[in-house]
Amino acid sequence: MADLGPVVWPPVPLRTERLVLREPEARDRVAYIDLFSSSEVRTYLGGPRPRAELESAVPEVPGRRPGVFVVDHEGAMIGIVTLDRRDAERPGHVRPDAGEAELSYMFLPKAWGRGYALEACAAALGWFADAFPGEPVVLCTQVANDRSVHVAEKLGFTEVERFEEFGAEQWFGVRSSVPRSG
């Protein structure tokens, strides 16, 4: 995971119709640990991490670095959206020099099925487009994670290739258009 690049961080919180994307705070620590220790959330992400390990490893303010947005709904963290530079050693690139911005996200199961991922990711992508005009954004998810592939397509990502990584077939796409509604 490489630095996002020269950007003012944290940005002013991003507001959507139902959500606020903001920098992490100490009050988010428990939800952050819940995300990474959840077998449901981590089904397509290598499995859950042991809660005891996270309790000792996660700092008081988790995820505080450029590119990490906490997704806040009604005053509580329900997920995270991140924009990082894709490691050059990993498969899947659309630029010869690699280092594309990569969008990823995780939401607590109680927030699933309500369109929050689409809404939050669209806001983060809008911020990125303003901060880094003309730069491509990529997204990688397991082919088996059909919900994530569906969100990617609604956000305007187009499949570029599939490859094997982490013991599973991966769907790799690049953002090609403005997000579609619905």
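What's counted below: heavy atoms across the whole structure, side chains too, no hydrogens, waters or symmetry copies.
- At least one test fails for Arg147 against the ring of Phe107: distance under 6.0 Å to the centre or angle within 45° of the axis.
- Using a distance-only test at 3.5 Å, with no hydrogens or angles considered, a donor-acceptor pair links the side chain of Arg29 to the main chain of Glu55.
- Distance CZ/Arg64 to CD/Glu25: 8.0 Å, rounded to 0.5 Å.
- Distance check, rounded to the nearest 0.5 Å: OH of Tyr105 to OG1 of Thr82 gives 11.0 Å.
- Side-chain atoms of Glu159 and Trp171 form a donor-acceptor pair, as typed in the model, at a separation below 3.5 Å.
- The distance from the CD atom of Gln170 to the CG atom of Leu139 is 10.5 Å, given to the nearest 0.5 Å.
- Under the 3.5 Å distance criterion, the side-chain polar atoms of Ser56 are matched with a main-chain donor or acceptor of Glu53.
- The heavy-atom pair separating Glu40 from Pro109 by the smallest distance is OE1-CG, 3.5 Å.
- Distance check: Glu119 CD to Leu19 CG gives 4.0 Å after rounding to the nearest 0.5 Å.
- The side-chain heavy atoms of Val81 and Val70, taken from C-beta on, include no pair separated by under 4.5 Å.
- Closest non-hydrogen pair, Ala168 versus Gln142, comes out as CB-CD, 3.6 Å.
- The side-chain contact (heavy atoms from CB on, under 4.5 Å) test with Phe172 singles out one residue from Glu165, Arg90, Glu102, Arg86, and that residue is Arg86.
- The shortest non-hydrogen separation linking Phe163 to Gly92 is CE2-CA, 3.7 Å.
- For the side-chain contact (heavy atoms from CB on, under 4.5 Å) criterion with Trp127, the lone passing option out of Leu21, Val12, Leu83 is Leu83.
- Counting heavy atoms from C-beta on, the side chains of Val137 and Phe128 come closer than 4.5 Å.
- The CG atom of Leu125 sits 4.5 Å away from the CZ atom of Arg175 when rounded to the nearest 0.5 Å.
- Checking side-chain atoms of Arg27 against main-chain N and O of Gly75 turns up a donor-acceptor pair under 3.5 Å.
- Checking side-chain atoms of Ser148 against main-chain N and O of Asn145 turns up no donor-acceptor pair under 3.5 Å.
- Counting only heavy atoms from C-beta outward, the side chains of Phe36 and Met106 approach each other to under 4.5 Å.
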Check: For Lys110 and Asp34, what are the C-alpha separation, side-chain angles and deciding distance, and is it a salt bridge (charged side-chain N to carboxylate O under 4.0 Å, His left out)?
Finding: CA-CA 11 Å; Lys110 68 181 181 185; Asp34 289 346; over 6 Å; no
Margin query: Would Arg15 and Asp72 count as a salt bridge (charged side-chain N to carboxylate O under 4.0 Å, His left out) here? Give the steps.
Written below: CA-CA 10 Å; Arg15 298 185 186 283; Asp72 184 308; over 6 Å; no
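- Panel note: side chain Glu135, backbone Glu100; no donor-acceptor pair is recorded below 3.5 Å.
- A heavy-atom distance below 4.5 Å is not found between the side chains of Arg95 and Val174.
- Using a 4.5 Å heavy-atom threshold, the side chains of Val68 and Pro24 count as touching.
- Taking every heavy atom of both residues into account, Thr16 and Ala123 meet most closely at CG2-CB, 3.6 Å.
- For the atom pair CG of Leu108 and NE2 of His73, the computed distance is 12.5 Å after rounding to the nearest 0.5 Å.
- Contact detail for Pro48 and Arg42: the closest heavy-atom pair is N-CB, 3.6 Å.
- Separation of the Phe69 and Trp9 ring centroids falls under the 6.0 Å cut-off.
- Of all heavy-atom pairs spanning Leu155 and Cys121, the tightest one is CD1-CB, 3.5 Å.
- Around CD of Glu60, the count of heavy atoms belonging to other residues, nucleotides or ligands within 6.0 Å does not exceed 12.
- In this structure, Trp112 and Val41 have side chains that are in contact, with non-hydrogen atoms separated by less than 4.5 Å.
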